[in-house]
Amino acid sequence: MIEPQRLSQFTSDLVTRGLLYAIANYRIHSPVPLEAEEDWKFWTQPRSAFRYAQKILTMK
């Protein structure tokens, strides 16, 4: 479940700086360490930013 403070920050970043920045900032400040392979794929593989945003916002 998403913490209200993190969701608020994501929303603020989305409105003021754009989707890619909001997603990157959300991942960078995750309380759980990032997986190296997943992080590499995040930055190197093309994808729809909107689908990725939906995926991270619905993670449990």
Inset, instruction - Would you kindly confirm whether L19 and L7 end up in one hydrophobic cluster when ILVMFWY residues are joined by side chain heavy atoms under 4.5 Å apart? - result: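 Yes, because L19 and L7 connect within a single hydrophobic cluster, where side-chain heavy atoms sit under 4.5 Å apart.
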Legend entry - Shortest non-hydrogen contact from P31 toward R6: CD-NH1, 3.4 Å
Inset, instruction - Please examine the side chains of E38 and R27, heavy atoms only from C-beta on, and report whether any two atoms are closer than 4.5 Å. - result: yes
Spacing of [X] atom [atom1] and [Y] atom [atom2] [to the nearest 0.5 Å]:
| X | Y | atom1 | atom2 | value |
| --- | --- | --- | --- | --- |
| D39 | T44 | CG | OG1 | 9.5 Å |
| Y26 | D13 | OH | CG | 12.0 Å |
| Q5 | E3 | CD | CD | 7.5 Å |

Inset, instruction - May I have the step-by-step check of side-chain contact (heavy atoms from CB on, under 4.5 Å) for F10 and N25, ending in yes or no? - result: CA-CA 8 Å; F10 179 84; N25 198 36; over 6 Å; no
